[in-house]
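Both backbone and side-chain heavy atoms feed into the values below; hydrogens, waters and symmetry mates do not. Only a predicted model underlies this, so the values are computations on that prediction, with no experimental measurement involved. Positions are given from 1, in the same order as the sequence printed here.
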Amino acid sequence: RYHMKNGTVKTNPGYLNPDILRPAGPIDPQIPLLMIESRGGTPLAVLANFSLHYIGDRPGDAISADYYGVFANLMRERKRPEFVALLTHGASGDVNNVDVSQKPAPRAPGERSREVAGWIADQVDRCWAQAKFEERLAVATTQGIYMQRYDLADMAVGSYQRVNTDTVTALGSQVTGLHDGGFVVVW
């Protein structure tokens, strides 16, 4: 969004618009991450959050996961085919991928999505390489989740088990039920 000479704030006021005064706010370049790997060090999943409006660089009638889907595919290519990568959409009221100070060069459909997703994936890889993974982790949620235990060779131990307030007795002190029906899991 941009402050305009007439006192308004506009989103995408047009390329080279002479009525633009300045951007309406700072960007948030942070990428909060939840990175998960097995005890044996095998990357399992990442949950990332980025504050940027969708890009929409596909033809008008195309259905696309935009850069979120490109990111998920890139992370699977980089880590392993079974890797789960989720990218959530952070607050992006002032953040856009359009530089209105110049006319853009022609791009192939999806090219900008690939650039943005690649940049985010690079940041995840950089953080992953520096991360110190812990063996104990507290997780909180208000919906049921399932867990699977793995040994040091990354082999499944037992079957999937629902982890919620109904399994507090079965798992002992590893699960604590909350008054609102949620729970905290520690393993």
Side-chain angles (χ1 to χ4, degrees), residues 1-2 11-12 15 23-141 143 145-156 160 185 187:
R1 299 182 323 154
Y2 295 86
T11 301
N12 295 335
Y15 296 110
I27 65 165
D28 179 3
Q30 299 179 83
I31 305 174
L33 300 172
L34 172 62
M35 300 173 288
I36 303 169
E37 66 178 31
S38 71
R39 284 185 174 184
T42 301
L44 298 175
V46 66
L47 172 61
N49 180 277
F50 190 57
S51 296
L52 176 68
H53 195 275
Y54 70 89
I55 293 174
D57 59 351
R58 301 291 178 163
D61 59 349
I63 296 174
S64 169
D66 212 81
Y67 69 93
Y68 316 95
V70 176
F71 169 78
N73 290 335
L74 274 174
M75 292 308 300
R76 274 193 299 276
E77 290 172 13
R78 293 179 181 195
K79 298 295 184 193
R80 58 194 208 114
E82 301 83 10
F83 189 81
V84 176
L86 301 171
L87 178 60
T88 59
H89 189 204
S92 61
D94 288 334
V95 184
N96 199 328
N97 67 83
V98 177
D99 179 1
V100 297
S101 69
Q102 59 186 346
K103 281 207 176 250
R107 295 177 183 261
E111 182 178 349
R112 183 70 178 141
S113 287
R114 288 187 295 276
E115 289 173 358
V116 170
W119 180 83
I120 297 169
D122 289 346
Q123 306 315 305
V124 170
D125 285 343
R126 184 181 53 75
C127 290
W128 201 290
Q130 299 171 2
K132 180 181 180 290
F133 289 86
E134 300 290 336
E135 288 196 26
R136 297 182 58 83
L137 171 69
V139 179
T141 182
Q143 297 179 348
I145 61 172
Y146 293 80
M147 67 173 229
Q148 172 68 57
R149 294 183 189 273
Y150 289 86
D151 63 19
L152 292 177
D154 293 329
M155 300 298 295
Y160 280 98
V185 181
W187 72 95

**Q** Is a donor on one side and an acceptor on the other found under 3.5 Å between the side chain of His89 and the backbone of Ser51?
**A** no
**Q** If we only count heavy atoms from C-beta on, is the Asp125 to Lys79 side-chain gap below 4.5 Å?
**A** yes
**Q** Which residues satisfy the side-chain hydrogen bond (donor to acceptor under 3.5 Å, both in side chains) test with Gln130, sequence neighbours excluded?
**A** none
**Q** Not counting sequence neighbours, which residues clear side-chain hydrogen bond (donor to acceptor under 3.5 Å, both in side chains) with Glu111? List them please.
**A** none
**Q** I need the Leu44 CG to Glu82 CD distance, nearest 0.5 Å.
**A**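 Between atom CG of Leu44 and atom CD of Glu82 there are 10.0 Å.
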**Q** Quick one, Phe71 and Val116 - any side-chain contact, counting heavy atoms below 4.5 Å?
**A** no
**Q** Mind checking what makes side-chain hydrogen bond (donor to acceptor under 3.5 Å, both in side chains) contact with Arg112, not counting sequence neighbours?
**A** Glu115
**Q** What are the two closest non-hydrogen atoms of Met75 and Ala85, and how far apart are they?
**A** CB-CB, 3.6 Å
**Q** So, using side-chain hydrogen bond (donor to acceptor under 3.5 Å, both in side chains) as the criterion, who are the partners of Asp57 when residues are at least two apart?
**A**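 Listed in chain order: Ser113.
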**Q** I'd like to know if the side chain of Thr88 and the backbone of Phe50 have a donor-acceptor N/O pair within less than 3.5 Å.
**A** no
**Q** Excluding sequence neighbours, so at least two apart, what forms side-chain contact (heavy atoms from CB on, under 4.5 Å) with Pro59?
**A** Asp61, Ala62, Pro109
**Q** Name all residues meeting the side-chain contact (heavy atoms from CB on, under 4.5 Å) criterion together with Asp122; count only those two or more places apart in sequence or in a different chain, and write none if there are none.
**A** Arg78
**Q** If a pair satisfies side-chain hydrogen bond (donor to acceptor under 3.5 Å, both in side chains) and one of its residues is in residues 62-73, list it, with sequence neighbours excluded.
**A**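 Every pair satisfying side-chain hydrogen bond (donor to acceptor under 3.5 Å, both in side chains) with a residue in residues 62-73: Asn73-Arg76.
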**Q** Just jot down the side-chain contact (heavy atoms from CB on, under 4.5 Å) partners of Phe133, sequence neighbours excluded, or say none.
**A** Met35, Glu37, Trp128, Ala131
**Q** I need the Leu34 CG to Asn49 CG distance, nearest 0.5 Å.
**A** 11.5 Å
**Q** Taking only residues two or more places apart in sequence or in another chain, which ones pass side-chain contact (heavy atoms from CB on, under 4.5 Å) with Glu77?
**A**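 Partners of Glu77 by the side-chain contact (heavy atoms from CB on, under 4.5 Å) criterion, ordered by chain and then number, come out as Leu74.
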**Q** Would you name the heavy atoms of Pro43 and Arg80 that are closest together and state the gap between them?
**A**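 Closest pair (atom of Pro43, atom of Arg80, distance): O-NE, 2.8 Å.
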